[in-house]
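Numbers for residues simply follow the sequence, beginning at 1. Reckoned from all heavy atoms, side chains included, excluding hydrogens, waters and symmetry mates.
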Amino acid sequence: MKQQQKLLAALLCAAFPLTCAADEITLDEIVVTTSRFDSAADDAPVNVTVITADDIRNSTARTLPDVLAQYAGIQVSSSDGTPNKMVDLRGFGMTGNQNARVLLDGQLLNDIDLSSIRWSSIPMDSIERIEIMNGSGAVLYGSGASGGTINIITKKTGKKVEASIRAGLGSYNGHKLDGAFGARGDRASLHLSASTEKTDNYRDNNDYEQNSLEGDARVDAGRGDVILKFGVDRQKLRLPGIRTVDAISGRDDLRDDPRGASTPRDYANLQGGHISLGTQQRLGVSEFAAELNYRENKQQAYYDDGDDTLPFDNYLDTKLTLLSFTPRFKTTYALGGMANDLVVGVDLANWRYD
């Protein structure tokens, strides 16, 4: 890859000498984690699409699925009206959630109950880059990665002190506030990102509220960093139900009452949190990395049967927890005059559903 880039640069300089006034043109190095270790994108063994923080900031997208939908090979759809849309890599259709691994800083976001990824729980300002690996990643990430893998990398502080805040207003009493703060010393750093959003939406009984916080704290341990990552989120959503058209009775909800709610008492609430402690240590030509991660998701929902005389209302109250440990080791060696990387590791996970 690097030799091809050098050859292309030489050809361009020969054809357009005015563009090569400087002796050398240096491009920013893109770092990816396709081997579950940081490496240059040029050295990645698979095709990787990298979406940077600048790409997200310059786009018109309001949510992570909207960002992903702008790239080839990714389809986004919603079957329940929530902000947590289904993202499908490589055309698996309704089983897209089951064939794409989604990671946050290398930690799995897919749940065993096959529910959609909670994209809205990740503040947009907390994202440093998104790596999209098309094609099967089952060897590195498990059987659920047959369509590909999306790894969301959150920011770490690069300056001594930095802070930002953004606010937005919209129709239907909509407002959004995003903020970030970071501080770095000689051997330690802290980065926090928070987001809050609320709107009444167009339909009756369709209020939406989302609050999220993500944090990154790290300490230099000599040969690498010890990293503590954490986050909490809460989502409240009212569910208005469908609008119907009945040709026999002549009833037309879309014409007569488009903003009405057929299920005025339905709602779905989500709360979640995660915390992980990890490290990546350099050992000569080798590297060792490991993370201990705990994640918890709670859900409460109420679905009215629409008839007060019948006892068929449905109330859902669940709790899903994940405790995982992911150690791995990477070493570089020469074979046949070529440099090679060997990566070995294991993913240990304990799921509990109450």
Counting only heavy atoms not in Arg259 (residues, nucleotides, ligands), do more than 12 fall under 6.0 Å from its CZ?
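Yes - once you tally the heavy atoms of other residues, nucleotides and ligands closer than 6.0 Å, there are more than 12.
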Using only heavy-atom distances, determine whether the side chains of [X] and [Y] contain a donor-acceptor pair under 3.5 Å.
| X | Y | answer |
| --- | --- | --- |
| Arg101 | Asn110 | no |
| Asp216 | Thr154 | no |
| Ser195 | Glu197 | no |

Could you tell me if the side chain of [Y] sits less than 4.5 Å from the side chain of [X], heavy atoms only?
| X | Y | answer |
| --- | --- | --- |
| Tyr333 | Asn340 | yes |
| Gln210 | Gln235 | yes |
| Ile150 | Val87 | yes |
| Tyr353 | Thr318 | yes |
| Leu64 | Ile122 | yes |
| Arg118 | Asn297 | yes |
| Met124 | Ile56 | yes |
| Ile152 | Glu131 | no |

Rounded at 0.5 Å granularity, tell me how far [atom1] in [X] sits from [atom2] in [Y].
| X | Y | atom1 | atom2 | value |
| --- | --- | --- | --- | --- |
| Ser276 | Tyr294 | OG | OH | 13.5 Å |
| Leu177 | Thr196 | CG | OG1 | 7.0 Å |
| Thr149 | Leu89 | OG1 | CG | 8.0 Å |
| Leu323 | Arg295 | CG | CZ | 11.5 Å |
| Ser77 | Met86 | OG | CE | 3.5 Å |
| His191 | Lys155 | NE2 | NZ | 5.5 Å |

Check the pair Asn211 / Glu209 against side-chain hydrogen bond (donor to acceptor under 3.5 Å, both in side chains), numbers first and verdict last.
CA-CA 7 Å; Asn211 300 288; Glu209 181 180 353; 3.3 Å; yes
Is there a donor-acceptor pair closer than 3.5 Å between any side-chain N or O of [X] and the backbone N or O of [Y]?
| X | Y | value |
| --- | --- | --- |
| Arg203 | Gly260 | yes |
| Thr263 | Gly241 | yes |
| Asp200 | Asn173 | no |
| Arg328 | Thr326 | yes |
| Asn151 | Gly106 | yes |
| Ser193 | Gly215 | no |
| Thr279 | Asp225 | yes |
| Lys176 | Ala167 | no |
| Trp351 | Ile112 | no |
| Asn206 | Pro240 | no |

Ile51 and Tyr71: CA distance, side-chain angles, deciding distance, side chain to side chain contact (heavy atoms under 4.5 Å, CB included) verdict:
CA-CA 9 Å; Ile51 306 172; Tyr71 291 82; 3.4 Å; yes
If the threshold is 4.0 Å, N to carboxylate O, is there a salt bridge linking [X] and [Y]?
| X | Y | result |
| --- | --- | --- |
| Arg265 | Asp304 | yes |
| Asp354 | Arg352 | yes |
| Arg243 | Asp257 | yes |
| Asp204 | Arg238 | no |
| Arg57 | Asp55 | no |

Arg251 and Asp253: CA distance, side-chain angles, deciding distance, salt bridge (Lys or Arg N to Asp or Glu O under 4.0 Å) verdict:
CA-CA 6 Å; Arg251 176 183 174 184; Asp253 292 340; 3.0 Å; yes
Taking His274 as the fixed residue, which of Glu214, Lys229, Gln107 is the one that meets the side chain to side chain donor-acceptor pair (under 3.5 Å) rule?
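For His274, the side chain to side chain donor-acceptor pair (under 3.5 Å) test succeeds with only one of Glu214, Lys229, Gln107, which is Glu214.
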Between Glu296, Gln300, Arg234, which is the residue that forms a side chain to side chain donor-acceptor pair (under 3.5 Å) with Gln271?
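The residue from Glu296, Gln300, Arg234 that satisfies side chain to side chain donor-acceptor pair (under 3.5 Å) with Gln271 turns out to be Gln300.
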Please determine whether side-chain hydrogen bond (donor to acceptor under 3.5 Å, both in side chains) holds for the pair Asp313 and Tyr302, giving the CA-CA distance in whole Å, both sets of side-chain angles, and the decisive distance to 0.1 Å.
CA-CA 8 Å; Asp313 296 352; Tyr302 176 76; 2.7 Å; yes
Specify the closest pair of heavy atoms between [X] and [Y], including all atoms of both residues, with the distance to one decimal.
| X | Y | value |
| --- | --- | --- |
| Val67 | Ser59 | CG2-OG, 4.3 Å |
| Ala290 | Pro327 | CB-CA, 3.8 Å |
| Arg282 | Gly224 | NH2-N, 3.9 Å |
| Ser212 | Pro123 | CB-CG, 3.8 Å |
| Ala194 | Leu213 | CB-CD1, 4.0 Å |
| Gly273 | Asp233 | N-OD1, 4.3 Å |

Apply side chain to side chain contact (heavy atoms under 4.5 Å, CB included) to residues Lys198 and His175 and explain how you reach the verdict.
CA-CA 6 Å; Lys198 189 174 182 179; His175 58 268; 3.8 Å; yes
Between [X] and [Y], is there shared hydrophobic-cluster membership here, with clusters defined by ILVMFWY side-chain heavy atoms closer than 4.5 Å?
| X | Y | answer |
| --- | --- | --- |
| Ile275 | Leu348 | yes |
| Leu103 | Val48 | yes |
| Tyr315 | Leu239 | no |
| Leu109 | Ile132 | yes |
| Leu104 | Ile74 | yes |

Evaluate the criterion side chain to side chain contact (heavy atoms under 4.5 Å, CB included) for residue pair Asp66 and Lys85; output intermediate values, then yes/no.
CA-CA 9 Å; Asp66 292 339; Lys85 300 178 181 179; 3.6 Å; yes
Using the test side-chain hydrogen bond (donor to acceptor under 3.5 Å, both in side chains), find all partners of Asp88 that sit at least two apart in sequence or belong to another chain.
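In terms of side-chain hydrogen bond (donor to acceptor under 3.5 Å, both in side chains), with neighbours along the sequence ignored, Asp88 is linked to no residue.
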Working for side chain to side chain contact (heavy atoms under 4.5 Å, CB included), residues Asn205 and Asp207
CA-CA 6 Å; Asn205 191 49; Asp207 300 0; over 6 Å; no
